[in-house]
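Order of listing sets the numbers, starting from 1, for every ligand and every atom in it. Numbers here are sequence positions counted from 1. Quick caveat: nothing in here was measured; it's all calculated off a predicted structure.
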Amino acid sequence: MALSENVISRAIIESYSAKLLSHLEVDVAMVGGGPSALTAARILAKRGKKVAVFERHLAPGGGVWGGGMLFNNVVVQDDVLDILDEIGVGHKPVDNAPGYNTVDSVELASGLIFSAIKAGAVVFNSMAVEDVVFKDGRVSGLVLNWGPVQKLGMFVDPLMVTAKCVLDGTGHPCEVINLATRKAQIKLDTPTGGILGEKPMWADSGEVSTVENTREYFPGLFASGMSANNVMGGYRMGPIFGGMIKSGVKAADLITKALESN
Ligand code: 48H
């Protein structure tokens, strides 16, 4: 049978529409496809939760791809090697630094993306979150637009999805929590009620605090990874990713608990 060009178009438009329509109402909507959110997405999807990840850029993976200053390797600690093994990502011990390993950053980024999707999470790339749905004192969804539309500053009205839980995995800028505190004037579960702000480099401390700071900061609104560290005033740690992966594991556990207690 000769292939008509419009068969290709119809196949893509119909299948994409079906995918989007079936994710207008989800258990968990994640903002940003960085390492912490992708880890959480994989675990939650494996537990049978309906998960959508919205990533502004064409390629999810966040800060992983660039390694350290574009040297495309990153460092991880021994205590996340079981997770890397589970998703099939290789690692090599660092000479004279017991407990630390290097990982190819392209392999890690692609492994995190692939394993989240294979577990059942759906990733919508080139889609930016520009606002939250805020109802009855709770964050209950996201307001979406195309990444390129946002980048070009075009005046195009958005579309919305609803979610039982929202995860801010936007990294350093903690964009969702920023806009929710500004626009909905919410008080966060922090000592000041606001965003404390990311501190400078202290790798050891940052790795621990990233996991500690992974929390529900407002009903329905969780933060992971560097976003959590910015909200709660944690130190940065450079291109070491054990804390990001463990933050994703903790976010998945907290969100599972929240979903199952309602
Ligand atoms: C849709 C958005 C939006 C939006 C942002 O920064 P990330 O890699 O996320 P984390 O926190 O899981 O990992 C942090 C890590 O990469 C890092 O930066 C480290 C370890 N830094 C240490 C240091 O010292 O600097 O990814 C966040 C993702 C990105 O892909 C963004 O494009 C995306 O979120 N994003 N997507 N709508 N409004 N804002």
Colleague: I'd like the contact residues of ligand 1, where contact means a heavy atom below 4.0 Å.
Modeller: Val31, Gly32, Gly33, Gly34, Pro35, Ser36, Phe54, Glu55, Arg56, His57, Gly62, Gly63, Met127, Ala128, Val129, Gly169, Thr170, Gly171, His172, Glu175, Gly225, Met226, Arg236, Met237, Gly238, Phe241, Met244

Colleague: Enumerate, atom names and distances included, each donor-acceptor pair closer than 3.5 Å involving a side-chain atom of residues 196-205, sequence neighbours excluded.
Modeller:
{"unit_1": "Glu198", "atom_1": "OE1", "unit_2": "His172", "atom_2": "ND1", "d": "2.6"}
{"unit_1": "Glu198", "atom_1": "OE2", "unit_2": "His172", "atom_2": "ND1", "d": "3.4"}
{"unit_1": "Lys199", "atom_1": "NZ", "unit_2": "Gly233", "atom_2": "O", "d": "2.7"}

Colleague: Are the side chains of Met232 and Arg215 in touch, meaning some heavy atoms are under 4.5 Å apart?
Modeller: yes

Colleague: Scan Lys49, Lys164, Lys50, Arg47 and name whichever one has a salt bridge (charged side-chain N to carboxylate O under 4.0 Å, His left out) with Asp27.
Modeller: Lys164

Colleague: Is the shortest side-chain heavy-atom distance between Met127 and Asn145 below 4.5 Å?
Modeller: no

Colleague: Looking at every heavy atom in both Ala29 and Ala163, which two are closest together, and how far apart are they?
Modeller: CB-CB, 3.7 Å

Colleague: Which heavy atom of Asn230 sits nearest to which heavy atom of Cys174, and what is that distance?
Modeller: ND2-SG, 3.5 Å

